[in-house]
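Working notes for the structure below.
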Amino acid sequence: MDKMGLGMLIVGIVLILGGAYGIWFFLPDVINVVKGGIGIVSLLAGIMFAGIGFILVKD
């Protein structure tokens, strides 16, 4: 294993631990972000389905 690979491994482990701590510390906010993301995705999917349905009905 070379030095760069070992450095990347250590930095990756530190980032994983930092991210896990951040998620645990801000868990209610993380849940709200996930709920908002699900809402945005479902809104965009609904707009897409409505647009495709409108195009298909028009033909």
Interatomic distance, Asn32 atom CG to Leu27 atom CG [nearest 0.5 angstrom]: 10.0 Å

Would you give me the side-chain donor-acceptor pairs under 3.5 Å for residues 34-48, sequence neighbours excluded?
| residue | atom | partner | partner atom | Å |
| --- | --- | --- | --- | --- |
| Ser42 | OG | Ile38 | O | 3.2 |
| Ser42 | OG | Gly39 | O | 2.9 |

Flag side-chain contact, heavy atom, 4.5 Å: Leu6 against Asp2: no

Sequence-distant partners of Tyr21, ring pair (Phe, Tyr, Trp, His ring centres under 6.0 Å), two or more places apart: Phe25

Ile23 reachable from Ile31 in the ILVMFWY side-chain graph, under 4.5 Å edges: yes

Between CD1 on residue Ile13 and CE on residue Met8, distance to nearest 0.5 Å: 12.5 Å

